[in-house]
Each structure stands twice: as structure tokens, then as C-alpha cells.
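Shown next, in C-alpha cells, is the structure this report addresses.
Chain identifiers are assigned alphabetically (A, B, ...) following the order of the sequence lines, protein sequences preceding nucleic acid strands; residue numbering begins at 1 within each chain.
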Amino acid sequence: MRFPRVSFPRRMILPSLLLVLLIGSMFAAPLLTSADPLQIAISKRLAGPSWAHPFGQDEFGRDRLARVLYGGQVSLSVAFLASFIATAIGTFIGLVGAYFRGPFEFVAMRVSDVVLFFPPILLALLVVTIFGPGVYTMIAVLALLYFPSFSRIAYSETLRVSSLDFVEASRALGTKPRRIVFSTVLPNILGAISVQFSLTAAATITVESGLSFLGLGVVPPAPSWGQMIRGARAMMEQDPLGLFVPCAALCVTIYSINLFCDRLRDVLDPKGLEDGKDSVSPTGKNGAAPAELADGNAAELRGLTLSLSRGKKAEPVDLVRDITLTLPRNQCTALVGESGSGKSLTSLALMGLLPSAIRPSSGHIAIERKSGAPVDLVSLAAKEAEKVRGNDIAMIFQEPMTSLNPVLKVGAQMVETLQAHRKTTSDEARKTCVAALDRVGIPEAERRFESYPHELSGGMRQRVMIAMALLCEPKVLIADEPTTALDVTIQAEIIDLLRDLRANQEAGLSMLFISHNLGIVADIADRVVVMYSGEIVEEGPAGDVLSDPHHPYTKALLESMPSLHDEKHSARGDRLGAIAGTPPLPQARLSGCAFRDRCPIARDACAETHPDLYLAADATRAARCLFAPDAANALKEAVS
Amino acid sequence: MLRFALNKGLAALLMLWVVGTIIFSVLFIIPGDPAELLLTSDGASASQESIENLRKEMGLDKPLITQYLEFLAGAAHFDFGQSLIDHVPVGETIALRLPRTIELILAGLFLGLVTGIPSGTWAGLRPGGSFDRTISAANAVLISVPGFVIGTLFIYLFAQVLHWLPAGGYVSFTSDPLLHLKLLALPAITVGLHLFSIIFRMTRASVLEMRTHDWVRTAVAKGLRRKLVVRRHVVRNALGPIVTVVGLQMGILLGSTVLIEFIYNWPGLSGYLVTAVQQRDYPSVRAIILVVSALFILINFMVEMIYSLLDPRIRL
């Protein structure tokens, strides 16, 4: 939260203006009307609007305009005074409690707790019973009712602010606690307090008018809105205007304060874009684009470009450019790259799980169903895509701690997957799922079936995710960094498990394995595809690429790997390499080669031409670098 | 689970004792003689004789500790002494009127939940969409209209202008079921509207948050039907926060039904309370507030139980 702000936010103009207008007109009442709000004229009771009395006269013939304006003065004064007192007391208690902790904290928080345990209006009534109604009782009651919410907010905000660096620093410099609290902490929690203040102001007006309506608040003949509504209620049939005027005044005032409060909250804590699109089912265009798949491939992306639309004004940005990726049937293809290289997006495109703002602007997507028919999940209608996902293609995610729903039992989450794609009785489903848990090496599968996710370790949860993904025996499995969040020993176990499962899957399993860890990739992959800044920069058989990388980026990735490094270079005793710099943002890609500013062998030519993916002579591998061993031949061929 | 319930139950009882003690002591922490304080208002003075009488009637002449113990023992037996006005035992009146208040609140709660959760879910799934913008804007207006204003305007519209429903009153369900429901309709809708605006806001915010969680993506990747994803992996998870907020709101609601019962002449606890406050019938006021606070504590206890059923991580 940033506070104070230098410029006046545009969204605050309307509500501020509205409030100034309302409050201004109430306190300028003597200028707006010359009528006396207490002047009784029985002969003119319930008279309609006239020039002298624009809102008519009430049941005692008093001028209604004057009564609304003067009544507003009373209501607003009571509300704001009470809110100010509540703010001052509450903030002070919260600040002291949070900053000095210990006994201060205990007393501050318990006092607030006790008050919060009474229904507000009832507590007000209890006090009114003892003291009798009246304006001062009212202010005291309202302040008492609302100070606890301030101490709570001040308390939690102070705790947050006092742990910030600059507060720690001034404490270390020996600044007096009182100075820190009032000149460092207080200004930083004012944002949250001011939001709470406007909320409280609206609430106190409501309670004040409610009590006055019951005849237990502001005492007649002093005007107040609640009382005017009470008076007009008995006459509503003859004189509905008498009802509407104070009701409208009350509601418009509360609405303006609420609007002010909402806008203030938005300004202090801006929220993200809300586009009105359904985020739960990401696909949804009608009718599928025809999908084609080359023989021997389980999935393909051809010339795929994914663009992020940035609203109507800005040009869309290409996040992934011209990707051609094939998943040969029953093989494991690894997709490697730094975070932000586009590898996860590429896999989400295969699953048809792209966020709604990201759409393919060109290219083809296809995966093979069990029936052999190819489909494109991005353009497939939502209902059809549901039948494919989880059944023909499945996915395991990076975070096993959050990928399972915490409030449902593991078993229930597995059974629903099975039942989404197959007709089974719950007994059969249970048996299948327990067997699947057993297969992924979960001990006491029968008991784990009844466990909640939080009762399992991270490794166990990832095993559950794997068991769940393979329940319907899909032909394609996407594993998106499945071991990144796990301990090193557990990582190895999960990789072994995936390898065994793939070997034992009778119908065959093609896998896309996404990772930034080349050591793990070496263990599991048949082919490796390396991505950098939204493009494929190298691909080929895993053994070849990892032992003899052609692209300098792959080489750098390998050199930053501790385990491979040991095997290869320990004799030379040199240091672990790190790749200097960061990958470019998609909207600020370099002309020419995207990697050139971080590349140790970059030359002038790299800035001029954007390199192609040059195919090696034996056509098994390719690299996107002008200085790759085969680039020269490929370039020559292109020229001739 | 049993231990969790037992712990929370004990904490609730402790809270009840604290609240009871505070309610008892309110009259005594104020400087001056309580009997004199209750009989004087706006500067009017009371005769020494009437003060003496009141002191005897309320047992104020006994030692404080005896009064306190008698108060606690009485409260435990639902015996709150006699009304100062008509000398009917306060406990009897409460037993007669409390169920009517609960009926009204439950009817309102039902309406609020049935309308608030689906519309909040729909709006939360498509934030910024036309449905969301319409309902959210309408809700911002609704939240700004106090319950007693809605009630008064409803009576004007539905009873005075349209003559669809009676303006207020009460008959028991057994004597005339149809009229009972007709009389219940307007107050229940008024309470329901208030709850709707809170439940809608909370559901929308909660769904908005839940839908971004990883397990929702997992559920979609599993190929679950959309309806199932929303029901089991978004709304089911959003219920916890909703229940908590509704529980907290019940306290405020217990207070604001005072106004709504008053408007519609619904003879629940609240009408009794307002009369008692106006007549400064202290034993009655004290008893009602104690009962309502106990109800509030009970609701909070139930909310904690429901929450722990909804979210297994709480049962520790």
C-alpha cells in the first residue's frame, strides 16, 4: 500500500465531489432555505410542495427541506464525531499493542474481542437503557461499538509495517519508540485506517438512523433522518413524499460514502484486469479445426505462434514463435529451457489449457486420441475437449502441494477422474484407484485412499498425481517440471517411477517431459528440445545433444549443471559456469539472434540475421546458431 | 474431531461466562446509584420511596457478590427475574418470543443463501462480465439502503399501493398456515436482502480467489465436466470463507432484526426489547441481551464446527 499519493487519483473525483456536495449543502442549510426546521404550522400539516416549501411540510406542518438539511447535520455530526473518536482510540490501542507487544498486546486485543462479541445494536440498546436516549449517549455508544475494528486493523497493519526494512533500520539506529510509532509506522498504516474510517462512517449513520427510527436515538424535536422516517411511516398513505425524502437523503449519503470507500480501496490496492471471460474452461470456440498428425507421432505442434493480447490499444505480443515440436509415439521428449522460455505455455497449448488472453495466431496443434484420430484441443469445443483431457492425454504439474484439492480426499479426487471418462460402479472405481496407488509405490494404498492431501508428503502427493494421470491409460502424458518442488532424493525416485511406468504401460505412453534440469533430462529423455526466449534453439537425440551441444545456450546450460559438470570437468578443476544476464522480455526481443547479448561467441553477423534452425547432415538434430557445425553447409545450400 | 469440538465448546462456555459477567456489571461500573439512574432521565427526579422500592425489587439491596451469584445461577436455569413493568417472569416471555425471531432469521438466511451463492458464483466466474457488473452495481446500491428503510418502503409498495401482502402482524402457523406465511414473507425478504448483499459479495470474492488455484487447473486437465469443476473444486472450497462471514454477520443480523421486527410488528424478541428499553425495564433488557449474546456465541461455535467439516485442515 502506497500512501500518501502525490496526484489526485481520477477515480476518486466523482465520490469526493458527491460527498463535498452533500456535506456542503447540509452545512449551508441557512443559505439554502430560510425556513426553521422546528417551526410548527398545524394548519399546513402534510401540505404538498410549494415555492416556499419545495419538499412540502410534515405532519406538524414543519418545512421538510429544512428538516432534511438540519437533520443531515445532526446525523453526519454524530456519525463523523463517533467515527473520529473510534479511529483515535482504536488506532492508538492497536499501534501500542502491536508495537510494544507483551502485556499491551494482550490487553488491547482482549478488550476489542469482548466488544466484538456483542451484536452492535443490542450493545447500543443496553447503554441507552441505562443512560436514556440523546445525542451524547449516541456518540459514546457508536464510538464504543466501532473502536475494536480499528484496533484490529491498526494492530495487524502495524505488525506488517514494523517488520519492513526501514522500520527495522530506524530501530537499529536508536530512534525513540514513540517517534518510530508516530512518525514512521503511523503514516504507513493510514491507508488501511482511512478505508476503515469511511466504512465506519457509513455504518454509524445506519445505526444512528436506526436507533432514531426506534425513537431511541436523537431525541425530538431535534430533526434527524431516522426520526423523520418514523414520523412519516404513520402517514405514508396520505403523504408518501414524507417517506421518500428522508429515505433518499439517507441512502444517497450512505451510497456516496460506500462509493468513496470502494474507490479508495481500489486506488490503494489496485486489482488486476477483469475481462469477463470464463477462466475455468479455457477452450470454447465452436467446432474443431481439422487436425492432422504425421504417421508415428503421438502429438505435434507445427509452426505454432502464441500471442498475448493486450487489450484493444496495444499490439499483441508473441510469447512463443513458430514452434515445431513432434512427440514420436512411445518416446520421451524433453523440453528444456529457463523459466520464461515458453516451455510451459507450449505444453498448455497441447492440453488446450491456455489462459484466455493467450491465443495461437498461427500454426497447427494435434494430438492422437486412443482411437487414432487426431484432435486440436485449443480449438475444440469445450464439451468435446473434456472427453479428451484426462482420457487420451494427461498432465502432471510442478507443485504437488497445491495441485490437489485440499478439502477432498485423495480417493474422491481419483474416483471423479475415472468416472468422468468411464462408466463404473463406485466399488469398481475404488478398486481401480487403490490398484493405481499401489502401482505408483504408495504403501498402504487402501488407507491412503481415505487420506486428505495435507496428510501426505510432497513426494507422495506427486505419486498420487501420477497415479491419477495414468488412471484412464492415456497415450500422451505431459509432465511439467514434476520434480522441481521436491527434495533431491525424492526427485530421483519420481524419475525412476516415471521411467518404470513408461516401460510397463502396455498400450504405450508418449511423454513430454518439461524441465530446466538437464541432469534429470539425461536420465529419462529420448529426445531433447531446447527453448530460449519463445523459440526452439536446438533439438536432437538426448545422448547427442547432451554430450555435444551445438548451440551456445545448450552448452551454457550444461556448464551450469553441477552433476554433469563433475563427471566431465572435475579433472580440470575449473569452476561451475553461470549464464550471465537474463533472457529478453517477449516485447523487447533483439533483432537477429535472441541470445547474442549473453552469448560468448557472438559476432557482428549475429545482430544482422535471425538464424534458422539449421538441420544437421544426418537430419537427426538441428540448432539455431550461425556457428553451429552444420550451419555453414545449410547456409551454402540455401544460397545455391 | 471430538477433541476439537470439546475444546471449542469449552471456549464458547467461557465466552458466555465473560459476556454474562460484563452484562451483569454494566449497571454497577457506572458511577451513582443504579436504581436512581434507571428512574431518572432527562433531569427528571424520582422520589426516594420509588427508588427504595426499585432497589428492593431488583435485589440491589443485597451484597454485590450475592447478586452476582444469584444472577449466574438464575441465568443457568433460564430464570431472569420479573419484568419491572408487568411482573411477568422474563424467562417465560423470552421462551414465547425467541422461536419467532429464530424463524424469521432462518427464513431470511435461507433466502439469502439460495440467491447469494449462485449469483455470487456466476459473477465470480466471469468477473467484469455483464452479469457481474449489473449485480455488483445493484448490490452497491442495496448495501447502502438500511434494512429499516427497505422494510418501510416495502410496506408502502406491497401493502399500501399494490395490496399484495399484509403490512405486518403475526398469527401462529397452527391457526392459519397461509396467513402465517404471508405475514412472514415481507420481513423474511427484508432480512434476506440484507444477507444476500453480504453473501453475494463474499461468494464472488471467494470464487474469484479459488478459481486461480492449481487444483482447479488439475481438475480441468483431468477432463472433469465444467459443472463438476465449478461445484467440487471452486464452490466447495469457497464455502469455508462464506460460512465464516455469514456466521459473523449473524451477530449484526440479530441486532438489525430488532428494527425489522419492529417495522412489521413481528412479535419476536426484538419488539419486546424495544418496549423494554423505552420503559427502562432493566431486568428484561439484560435478559434479552444475554440470551441473544448466547445465541451469537452458539452460532459462532456452530460456524467453527461447520468450517472444520468443510476444511479437513482445520481439524487439528
One thing to verify: whether [Y] and [X] come together as a salt bridge, which I'm taking to mean a side-chain N less than 4.0 angstrom from a carboxylate O.
{"X": "B/Arg201", "Y": "A/Asp262", "result": "yes"}
{"X": "A/Lys383", "Y": "A/Glu386", "result": "no"}
{"X": "B/Lys222", "Y": "A/Glu416", "result": "yes"}

Q: Mind ranking A/Ser256, A/Pro240, A/Ala232 by heavy-atom pairs under 4.5 Å with chain B and telling me who comes out on top?
A: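 Maximum pair count with chain B is reached by A/Pro240.
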
**Q.** Most chain B-contacting option - heavy-atom pairs closer than 4.5 Å, from A/Leu214, A/Thr206, A/Asn258
**A.** A/Leu214

**Q.** Residues forming a ring pair (Phe, Tyr, Trp, His ring centres under 6.0 Å) with B/Phe154, sequence neighbours excluded
**A.** B/Phe158

Q: Tell me, please, which residues at least two apart from B/His213 pass ring pair (Phe, Tyr, Trp, His ring centres under 6.0 Å).
A: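 By the ring pair (Phe, Tyr, Trp, His ring centres under 6.0 Å) rule, B/His213 matches B/Trp215.
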
Q.
Tell me whether the count of non-hydrogen atoms from other residues, nucleotides or ligands lying under 6.0 Å of CZ in B/Arg225 goes above 12.
A.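 Incorrect, the count does not exceed 12.
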
Go through the atoms of [X] and report whether side chain, backbone, both or neither lie under 4.5 Å from a heavy atom of chain B.
{"X": "A/Met465", "result": "side chain"}
{"X": "A/Ala412", "result": "both"}
{"X": "A/Thr253", "result": "neither"}
{"X": "A/Gln419", "result": "neither"}

Q: Taking the side chain as every heavy atom from C-beta outward, state whether A/Asn391 and A/Lys387 have any pair of such atoms under 4.5 Å apart.
A: no

Which portion of [X] sits near chain A, non-hydrogen atoms under 4.5 angstrom:
{"X": "B/Ile263", "result": "both"}
{"X": "B/Ile143", "result": "both"}
{"X": "B/Arg133", "result": "neither"}
{"X": "B/Val145", "result": "both"}

Q) Based on non-hydrogen pairs under 4.5 Å, which of B/Asn237, B/Val258, B/Val285 is most in contact with chain A? A)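 Answer, by heavy-atom pair count under 4.5 Å with chain A: B/Asn237.
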
Q. Quick one: of B/Ile155, B/Val149, B/Thr152, who has the most non-hydrogen atom pairs under 4.5 Å with chain A?
A. B/Thr152

Q: Could you pull out the closest heavy-atom pair between A/Ser75 and A/Trp225, with the gap in Å?
A: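 It is OG-N, 3.9 Å.
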
